[in-house]
Each structure stands twice: as structure tokens, then as C-alpha cells.
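Here is the structure we will look at, set down as C-alpha cells.
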Protein chains: 2
Amino acid sequence: MLADDASSPKQTKGARTARRILDAAEELFAQQGYDGTSLRQIAERVGIKEPGLYNHFAGKQALYEAVLFRALNPMAQALAQLMEDASQLRDYTDLPSVMTDILFEHPQMASLFQQGMQGDTNSTGNQLVNGWLEKLFNQGMHSMEEFGGVTATSSAGQTAQDRATLAINVIAMFNLTTGYFLAQRAFDSLAAGDLLDPDNIAKQKRLLHKVIRAMLIS
Amino acid sequence: MLADDASSPKQTKGARTARRILDAAEELFAQQGYDGTSLRQIAERVGIKEPGLYNHFAGKQALYEAVLFRALNPMAQALAQLMEDASQLRDYTDLPSVMTDILFEHPQMASLFQQGMQGDTNSTGNQLVNGWLEKLFNQGMHSMEEFGGVTATSSAGQTAQDRATLAINVIAMFNLTTGYFLAQRAFDSLAAGDLLDPDNIAKQKRLLHKVIRAMLIS
DNA sequence: CCTATAAATTATCGACCATTAATATTTTTC
DNA sequence: GAAAAATATTAATGGTCGATAATTTATAGG
């Protein structure tokens with residue numbers, strides 16, 4: 001009643017509770033996974049009864065997909081922005097740093113992305129995350145063909161090798177960037193500090209740059 | 001009845017079904033998570049009825065912990081072996097490669113380790129994985145103190161910085177090594193190949209070495 | 001202000017869950 | 001081979017799950 005609930009008065013009441021449902025669901029799905037989270041739990045956190053959720057989302061699966069979609073949106077936008085600006089391969093060096101900034105604002109999203117990547121092939125989460133990785137991968141392939149040498153000299157076998165190497169690098173950077181935020185408890189146990197401390201974020205970014213540089217040299 | 005069930009005739013019948021339960025549970029827990037896996041499912045895969053599980057494990061939680069313990073054992077042994085042999089910091093360069101070999105034999109274990117690292121602090125899985133990481137971390141701290149310079153010249157603030165940096169590096173290597181095996185579907189989608197192909201494993205190992213080398217230079 | 005619509009609640013359903021008790025069967029041991 | 005112990009089965013219990021229907025309450029638009 002202070003300034004908590006009546007904030008952002010622009011949207012209608014229904015849209016506001018829908019957003020609050022998404023917020024609660026995002027946090028709980030990230031912390032406990034899909035099966036470990038019940039609609040009762042989400043409703044309780046929002047402050048409504050369980051069937052009230054169905055006025056805003058068709059069901060549990062639809063809610064989960066909505067959460068994933070909203071969470072992945074800033075990532076997709078950041079990649080699209082970078083692809084628009086970047087003209088050469090080197091410009092993609094900043095992507096993990098940008099991703100880290102985004103994940104810093106919503107650390108729990110990292111868990112959702114990992115869940116998506118590990119989900120089965122026909123699940124929405126897997127398709128969303130794989131689609132994002134594919135965009136990045138294809139851009140990398142394109143840059144390599146342009147920059148890396150004359151395509152005519154490359155045999156088909158060489159191309160397959162390049163594809164595999166690039167895929168391994170892309171996956172490694174994805175795991176390195178998202179995995180950092182999944183290790184909060186481990187980091188606290190090891191270094192007795194906070195992973196989200198700006199000093200540590202800066203250290204992680206330096207590491208990401210070092211790894212990218214190591215990747216770019218053959 | 002062919003040569004499938006009667007294999008490894010040394011152990012008693014009870015011990016053999018217990019092992020088969022562990023095998024089935026490991027695979028299902030890794031693929032679907034703890035909450036996403038039911039005891040019915042495990043029992044069905046083993047070929048017994050659900051209550052039969054209770055003759056071998058006290059309950060679902062106990063079974064999960066037994067799976068984790070058995071899976072983490074080869075990792076712990078590998079680390080202990082390496083700590084025994086290695087005399088200097090450089091010798092730990094091979095650890096990710098050894099871990100990769102172990103995970104190659106049981107790729108689904110990677111998922112269990114990630115689940116453990118992300119679990120809440122008082123869960124058995126989190127304690128097991130954190131304990132393993134702590135051993136590695138402490139060895140790293142010890143090596144740094146021995147090798148990295150005179151301890152008297154290092155201020156307390158410098159030590160805290162070193163701790164944080166080492167923790168970030170250890171976590172990064174863990175994520176890089178285990179995360180590779182969690183990306184099977186993504187890799188297939190990107191490179192249209194098999195992550196477990198020896199060529200790709202070799203590529204991943206080369207990447208791990210490159211990253212370690214990048215870490216060791218300040 | 002009044003009405004049409006949106007949103008939230010109560011009550012309830014069938015399905016599946018982990019676990020237990022009682023019983024039957026198999027396996028080990030002497 | 002018989003007794004003892006281990007292992008498996010059938011049956012049932014209480015609890016939680018996601019989802020639906022019917023109803024009441026709150027909101028928005030004219």
C-alpha cells in the first residue's frame with residue numbers, strides 16, 4: 001500500500017497482475033525448475049488464488065513459455081543490435097560482455113536459458129535458445145568465410161571441421177557467460193563473496209575477453 | 001535371458017537390481033530432473049514394481065543422493081589422484097581433460113553436477129559438488145601462495161582479490177567442462193554432428209587447454 | 001451511474017505422486 | 001533340502017498436482 005503495488009499506474013489492472021504473475025513465475029521456474037514449481041506456489045506469491053491465473057494464461061505450459069519468451073527478448077534484441085552495428089568479426093568480441101550486463105540485471109534468467117538449452121528438441125524453450133544460438137553461429141560462419149580465407153581453397157571436409165570448431169566455441173562462450181550466474185552458491189562457498197559484486201563482474205568480463213582472444217588465435 | 005540380465009554374475013541378486021536401479025535413476029534424473037522423474041518411471045525401466053525400490057533405497061531422496069554419490073566418485077578420485085601426483089601448479093592443466101574423459105563415458109553425469117551446483121545450500125547435491133570444487137580451489141590457493149610471490153608482500157586486500165579471481169577461474173573451468181556435455185542438442189542443431197565424436201572431443205580438449213593457458217597469464 | 005466485461009473466488013474433479021502395510025515369492029545359507 | 005532371510009507383489013492411503021465449472025466481485029466504457 002506504500003508505493004509497492006500501485007506503481008506504474010499506466011497499464012490496466014489485468015495487465016498489471018499478468019506482469020506480476022510473470023515476475024513470480026520467472027523467479028520460481030528459474031529457482032526450482034518447471035516440474036518443481038506449482039501453480040499454487042506462483043499464485044500465492046502473486047497474492048491471488050490458483051484459478052485466477054487462468055484469466056491471464058491458458059495453463060502452466062503457456063505461462064512457462066511466456067516467461068521464457070519475455071526473458072529471452074532482451075538477449076535477442078542485444079544480438080540483433082550487435083549484428084546491425086558490427087561490420088567485422090572482431091566486433092562480436094563484446095557480445096559476452098553485453099550478455100553479462102543483461103544477465104546481471106536478471107541473474108535468474110541464466111537458469112532459464114540453461115533449462116531451455118537442455119530441454120528436449122520439440123520444447124519451446126529449446127527452440128528459442130537454439131534459435132538464438134543459430135543466429136550467432138550463422139553470423140560467425142559468414143564472418144569466417146569472408147575473412148578467414150578463399151572459400152575455393154577450402155574443401156568440404158575443412159568446412160565441416162570449421163563448423164564443428166565454431167559450434168564448440170559458441171557453446172563454450174554461452175556456457176561460460178550464463179554459467180557464471182548459476183554458480184552463486186558455489187562462489188560464496190569458495191571466495192566468501194558476492195558473485196554480483198561489480199568487482200567480480202568486472203573480473204568475469206576480463207576472463208571472457210581473455211577466452212575470446214584465445215579462441216581467435218588458431 | 002540371452003546375455004543381458006545374467007551378466008556380471010559375481011554380485012548377489014539384490015546388489016544387481018540395486019545397481020540397475022541406480023543406472024535407470026541416473027539416466028532419468030539427469031534427463032528430467034528430480035521433480036520431473038517419478039519412482040514409477042524408474043521402477044518400470046528396471047522392470048519391477050514401484051514398492052520394490054524400497055527394498056534397496058529408503059526413498060526417493062535417498063536414491064537421488066546415492067546416484068549423485070556414485071556419479072561424483074570417479075571425479076573425486078581423479079582429483080585426488082592428480083593432487084597426489086602433481087607437484088606444481090602447471091600439473092593441474094590436465095584436470096579438465098581428465099574430467100572430459102570421465103564425462104565422455106557417462107555424459108549424463110554433467111547434468112547431475114550442474115543440478116547439484118545449482119541446488120540449495122543444504123541439499124546433499126550442492127554439498128557434494130561444492131566440496132569437490134573447494135578441494136580444487138584450496139589446492140589452487142596453496143599453489144598460488146607458494147609460487148605466486150612472497151606472502152609477506154601481499155596485503156589482505158590483495159589476497160581477497162586473488163581468492164575471487166581464482167574462484168571465478170575454477171567456476172569457469174567447471175562450467176566449460178561440464179557445460180559441453182549439456183549442449184548435445186544445441187551442437188547437433190548448429191554443426192549437424194555428434195558432440196561425442198572423438199574429433200569433437202579432441203577439439204573441446206584443445207579449447208580447454210587454450211583457456212587454461214589464457215588464465216595462467218596475468 | 002449503469003451496464004457489459006474482466007477478474008477473482010469457491011468448490012470440485014480425476015490423475016498422479018511417494019510411501020506404507022500385509023502378503024507372497026524367491027534366493028541365500030547351513 | 002529346509003529354515004531363514006531377502007526380495008518382490010498386491011492393495012491401499014493421504015496428499016498434491018493441473019485444470020474446470022459455477023459464481024461472485026471488481027473494473028472499465030459510454
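Each chain gets a letter, A, B and so on, in the order the sequences are listed, and its residues count up from 1.
Counted by atom type alone, A:Q114 and B:Q118 present zero donor-acceptor pairs between their side chains at under 3.5 Å.
Here salt bridge (Lys or Arg N to Asp or Glu O under 4.0 Å) pairs that include residues 49-62 of chain A, with residues two or more places apart or in two chains, are A:R40-A:E50. Applying the side chain to side chain donor-acceptor pair (under 3.5 Å) definition to pairs two or more places apart or across chains, those involving residues 186-203 of chain A are A:S189-B:E134, A:K203-B:Q161. Listed by first and then second residue, the salt bridge (Lys or Arg N to Asp or Glu O under 4.0 Å) pairs involving residues 67-79 of chain A are A:D23-A:R70, A:E26-A:R70 (not counting sequence neighbours). The stretch residues 96-107 of chain A participates, sequence neighbours left out, in these salt bridge (Lys or Arg N to Asp or Glu O under 4.0 Å) pairs: A:D101-A:K205.
Partners of B:L72 according to the side-chain contact (heavy atoms from CB on, under 4.5 Å) rule, which considers only residues two or more places apart in sequence or in another chain, are B:M75, B:F113, B:L128. Partners of A:A15 by side-chain contact (heavy atoms from CB on, under 4.5 Å), not counting sequence neighbours, listed by chain and number: A:Q11, A:T12. In terms of the ring-ring contact (aromatic ring centres under 6.0 Å, His included) criterion, residue partners of B:F29 (sequence neighbours excluded) are, by chain and number, B:Y34, B:Y64. Listed by chain and residue number, nothing satisfies the ring-ring contact (aromatic ring centres under 6.0 Å, His included) test with B:F174 (two or more places apart in sequence, or in another chain).
Following rounding to the nearest Å, A:Y54 (OH) and D:dT20 (P) show an atom-to-atom distance of 7 Å.
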Pairs counted only when both distances fall under 3.5 Å, Watson-Crick or G-U: show me the 5' to 3' dot-bracket for DNA chain C, [ ] for pseudoknotted crossings and | for other-strand partners. ||||||||||||||||||||||||||||||

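A:S38 has no side-chain polar atom (N or O) that falls below the 4.0 Å cut-off from OP1 or OP2 of D:dT16.
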Any protein N or O atoms within reach of nucleotides 8-12 of chain D? Criterion: under 3.5 Å, listing atom names and distances.
from  : atom 1 : to    : atom 2 : distance (Å)
D:dA8 : OP2    : B:H56 : NE2    : 2.7
D:dA8 : N7     : B:N55 : ND2    : 2.7
D:dT9 : OP2    : B:K49 : N      : 2.8

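Of the residues in residues 59-66 of chain A, A:G59, A:K60 come within less than 4.0 Å of DNA chain D through at least one heavy atom, sorted by number.
Taking 4.0 Å as the cutoff to heavy atoms of chain B, we find the contact window on DNA chain C bounded by C:dC17 to C:dT28.
Checked options B:V129, B:N126, B:L112; the residue passing with B:L68 is B:L112 (criterion: side-chain contact (heavy atoms from CB on, under 4.5 Å)).
No side-chain heavy atom of A:Q81 sits under 4.5 Å from any side-chain heavy atom of A:Q77.
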